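Below is one structure, written out as structure tokens; comments come after it.
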Amino acid sequence: MNFEALSFDSRIQAGIRDAGYTTPTPIQEQAMPLVLAGRDMLGLAQTGTGKTAAFMLPILQRLTTGPLRRTRALIIAPTRELAEQIHQTATVLGRHTRARSAAIYGGVGKGPQVAALKRGTEIIVACPGRLLDHIQAGDVDLSHVEVLVLDEGDRMLDMGFLPDIRRILKHVPAQRQTMLFSATMPSDIRSLADSILTDPATVQVDISAPAKTVSHALYPVPETLKAKLLHAMLEQTRTSRVLVFTRTKHRAKRLAQELDKRGYRVAALQGNLSQNRRQEAMDGFRQGKYDILVATDIAARGIDVNLISHVVNFDMPDTVDAYTHRIGRTGRAEATGEAVTFAVADDEVMVRDIERVLGKPIERRRLEGFDYGGFAPEHQKPLPKPSVYRSRSFRSNGRGGLPPQPGRRAS
Ligand code: AMP
């Protein structure tokens, strides 16, 4: 199938060309005809699949007819970065149409948002909290909403947004088209889907499994050597953009400072920064001012930067879901990427959980020429069935179990 087959308005086709899309991704191919036909949708899609355009293009098509300057599409997303990205997608794809989009999220002044809402906007892309503020202040009229999208539903629920979403739903007409997208399908997402969707079509692209275009590697390392190992890897490896995940805001900040001192072009993205600083870090990374972004899970949610060659889990994620989301930042839209995970002894249970979802063991590697000091993972109990292939970029000369992890919770 190609985009022409869907008979989008010529102004939208111009937007598709501007975005550089030539062939629909699998989720777009499955979802767009159903969404265009007005069906409710449950989209089980991991990050990087092209789901934003899968719902945005049909929304823009709908907006080519009917009244202007009233809000007819509402998209709710869990984080500011994701809301901003969806808004940018709407802006690019809809540039030749008359539809407008406004991004509504906290951490920035309300004034420009109120002004955009007053001028009239057909699309609102919002985070729940700030949208409720505007609803309470009477700044926004959702009584004409025809399409409601809840994006990254699982994360929204993880972040405790369910009560906010229920409150927002009271301001949106019951008669509407509703789409719920989620990478995973825990039971609370099922019940949310049951309560808000009517006879939904379900489209599924690789549920719960990380992107197939990403290769995975595990580096057993003691906690105390992690920073040195990262530095050695960056020295040895051909990378384009590298996204590094840490467990806490403090660790993100500190690691970014350390890398900065070593002369890397690096920024931190973590929740303690002002919205302006976060945006500056994101934009700088996207535009190539920074080669490395050190981020926490929440801050990095939904980051969409092409050419991320490596995702490094400097700290193991807390859930398999978080692993899926993190490494979904590389290997996007069919490009290939590498997911590198530093693992200490306490991470063993999580490693097994991740391997279960991947359906295969993750390759254990040691970085050639790196001074592991006294640490010798070969002498530790090996994890089950490590694979043995050699990597093109991070070379390996051994494999084995995970090292002890002094003071993991101390930082
Ligand atoms: P998403 O899953 O919506 O965050 O999209 C992931 C990435 O794929 C973004 O960089 C999109 O711009 C890109 N993308 C979406 N649809 C297409 C397409 N049909 N062809 C090429 N790239 C696409």
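For the numbers below, each heavy atom of this structure counts, side chains included, while hydrogens, waters and symmetry mates do not. All figures in this text were calculated on a predicted structure; none of them were measured in a lab.
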Taking the inter-plane angle between the rings of F181 and F55 on a 0 to 90° scale, is it parallel (under 30°), tilted (30 to 60°) or perpendicular (over 60°)?
tilted

In this structure, CD of E368 is separated from CE of M233 (nearest 0.5 Å) by 12.0 Å

Establish, yes or no, whether a centroid distance under 6.0 Å links the rings of H231 and F370.
no

Under 3.5 Å, is there a donor-acceptor pair between the [X] and [Y] side chains?
| X | Y | answer |
| --- | --- | --- |
| Y290 | E280 | yes |
| D283 | Q279 | yes |
| S143 | D141 | yes |
| H134 | Q113 | yes |
| H310 | T239 | no |
| Y105 | H87 | no |
| R39 | Q177 | no |

Think R366 forms a cation-pi with Y372, using NZ or CZ under 6.0 Å from the six-ring centre and within 45 degrees of its axis?
yes

Kindly confirm or rule out a cation-pi arrangement of K226 over F314, judged by NZ or CZ under 6.0 Å from the six-membered ring centre and within 45° of its axis?
yes

Considering only NZ, NE, NH1 and NH2 on the basic side and carboxylate oxygens on the acidic side, decide whether [X] and [Y] come within less than 4.0 Å.
| X | Y | value |
| --- | --- | --- |
| R62 | E146 | yes |
| E223 | R251 | yes |
| R278 | E84 | no |

T178 vs T198 side-chain heavy atoms within contact, under 4.5 Å:
no

Flag the pair F245 / V312 as yes when at least one side-chain heavy-atom distance between them is below 4.5 Å, and no otherwise.
no

